[in-house]
Trainee: 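Let me give you the structure first, and then I'll get to my questions.
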Amino acid sequence: MQQQNDFFECVYEVVRQIPFGKVTTYGSIAKYLGASKSARTVGYAMNAAHAKPDVPAHRVVNRIGLLTGKHHFAGINTMQQLLEAEGHVILNDQIQQFDAVFWNPNA
DNA sequence: CGGCTGACGTAAC
DNA sequence: TGTTACGCCAGCC
């Protein structure tokens, strides 16, 4: 959806659509936006997403399900706790059965 | 104004 | 099969 002209807003729009109990990756979002090589920028957008309560940034991880951005949350374990509260299993900062809970924006 | 950095991912060697 | 390099966009020094 290109309703928003801003790359950031576009990212937020996708993240907002992540259903409860599901997660996605930066790369998938970037790819969905047509900027498959800009996964990095997506992550950067997440940084600003902190100001957007509607944007569940904790549901966005890297392609291997690793909570790479946990340090950017209020607390080191905030991201993990949020995910666990949604029924996810986090082990060593990594989502277990990641492929099972992965949500593809393109689908 | 230029260059470095960063929640990533993919390709190439 | 493991490591290195690069692209992309925006913010900050």
Side-chain angles (χ1 to χ4, degrees):
Chain A
M1 66 214 45
Q2 286 72 17
Q3 299 180 49
Q4 314 299 338
N5 292 324
D6 296 326
F7 191 89
F8 280 32
E9 293 300 324
C10 218
V11 173
Y12 304 146
E13 193 66 28
V14 178
V15 177
R16 250 177 251 159
Q17 293 174 45
I18 302 174
F20 182 89
K22 295 281 182 173
V23 294
T24 190
T25 67
Y26 304 98
S28 295
I29 295 170
K31 195 171 192 179
Y32 178 78
L33 298 178
S36 42
K37 296 176 186 129
S38 307
R40 216 171 184 180
T41 312
V42 175
Y44 194 83
M46 289 293 100
N47 200 3
H50 191 279
K52 308 268 183 179
D54 295 337
V55 180
H58 61 277
R59 292 181 187 161
V60 184
V61 294
N62 65 351
R63 79 168 200 83
I64 64 174
L66 194 64
L67 308 186
T68 50
K70 59 182 289 184
H71 283 113
H72 289 260
F73 280 78
I76 305 278
N77 295 327
T78 303
M79 189 175 188
Q80 179 175 339
Q81 288 175 5
L82 287 170
L83 289 170
E84 288 178 339
E86 297 190 0
H88 298 300
V89 180
I90 313 300
L91 181 63
N92 197 12
D93 297 338
Q94 187 174 358
I95 299 177
Q96 303 303 300
Q97 297 179 339
F98 177 66
D99 55 333
V101 296
F102 173 72
W103 177 76
N104 189 334
N106 293 292

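Naming convention: chains lettered A, B, ... in sequence-line order (proteins, then strands); numbering from 1 in each chain. On a predicted model such as this, the values are computed, not experimentally measured, just so you know.
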Trainee: Rounded to whole angstroms, how far apart are NE2 on A/His72 and C1' on B/dT5?
Mentor: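 Spelled out: NE2 on A/His72 to C1' on B/dT5 is 11 Å.
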Trainee: Between A/Phe98 and A/Thr25, is a side chain to side chain contact (heavy atoms under 4.5 Å, CB included) present by the stated rule, with each step listed?
Mentor: CA-CA 10 Å; A/Phe98 177 66; A/Thr25 67; 3.4 Å; yes
Trainee: Please list, in numerical order, the residues of residues 96-107 of chain A that have a heavy atom closer than 4.0 Å to any atom of DNA chain C.
Mentor: none
Trainee: Tell me, which of residues 36-44 of chain A have any heavy atom that sits under 4.0 Å from an atom in DNA chain C?
Mentor: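 A/Lys37, A/Ser38, A/Arg40, A/Thr41, A/Tyr44, in order of number.
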Trainee: Could you work out the separation of B/dC8 and C/dT1 based on their P atoms and round it to a whole Å?
Mentor: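 Between the two P atoms, the distance is 25 Å.
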Trainee: Look only at the side chain of A/Gln96 and the backbone of A/Gln94, and say whether a donor-acceptor pair between them is shorter than 3.5 Å.
Mentor: yes
Trainee: Can you find a heavy atom in the side chain of A/Gln80 that is under 4.5 Å from one in the side chain of A/Leu67?
Mentor: yes
Trainee: Is there a side chain to side chain contact (heavy atoms under 4.5 Å, CB included) between A/Arg59 and A/Phe20 once you walk through the steps?
Mentor: CA-CA 9 Å; A/Arg59 292 181 187 161; A/Phe20 182 89; 3.5 Å; yes
Trainee: So, do A/Met79 and A/Val61 sit near enough that their side-chain heavy atoms are less than 4.5 Å apart?
Mentor: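 A side-chain contact under 4.5 Å exists here.
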Trainee: Would you measure the distance from the P atom in B/dC1 across to the matching atom in C/dC8 and give it in whole Å?
Mentor: 23 Å
Trainee: Mind calculating the distance between CG (A/Leu33) and P (B/dG9) to the nearest angstrom?
Mentor: 14 Å
Trainee: Within the structure provided, determine whether A/Trp103 and A/Val23 are in side-chain contact (heavy-atom separation under 4.5 Å).
Mentor: no
Trainee: Near DNA chain B, counting only heavy atoms under 4.0 Å, which residues of residues 47-65 of chain A show up?
Mentor: A/Asn47, A/Ala57, A/Asn62, A/Arg63
Trainee: Got A/Tyr12 and A/Asp54 here, is their nearest side-chain heavy-atom distance under 4.5 Å?
Mentor: no
Trainee: Considering only heavy atoms from C-beta outward, does the side chain of A/Glu9 approach that of A/Lys52 to under 4.5 Å?
Mentor: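 Side chain of A/Glu9 against side chain of A/Lys52, heavy atoms only: contact under 4.5 Å found.
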Trainee: What are the two closest non-hydrogen atoms of A/Lys70 and A/Ile76, and how far apart are they?
Mentor: CE-O, 2.8 Å
Trainee: In this structure, how many angstroms lie between the P atom of B/dG6 and the CZ atom of A/Phe7, rounded?
Mentor: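 Distance, rounded to whole Å: 19 Å.
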Trainee: Give, for atom NZ of A/Lys37 and atom NZ of A/Lys31, the distance between the pair rounded to the nearest 0.5 Å.
Mentor: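 Separation between the atoms: 11.5 Å.
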Trainee: Quick one: does A/Val60's side chain get under 4.5 Å of A/Tyr26's, heavy atoms only?
Mentor: yes
Trainee: I need the NZ-P distance between A/Lys31 and B/dC8, as an integer number of Å.
Mentor: 18 Å
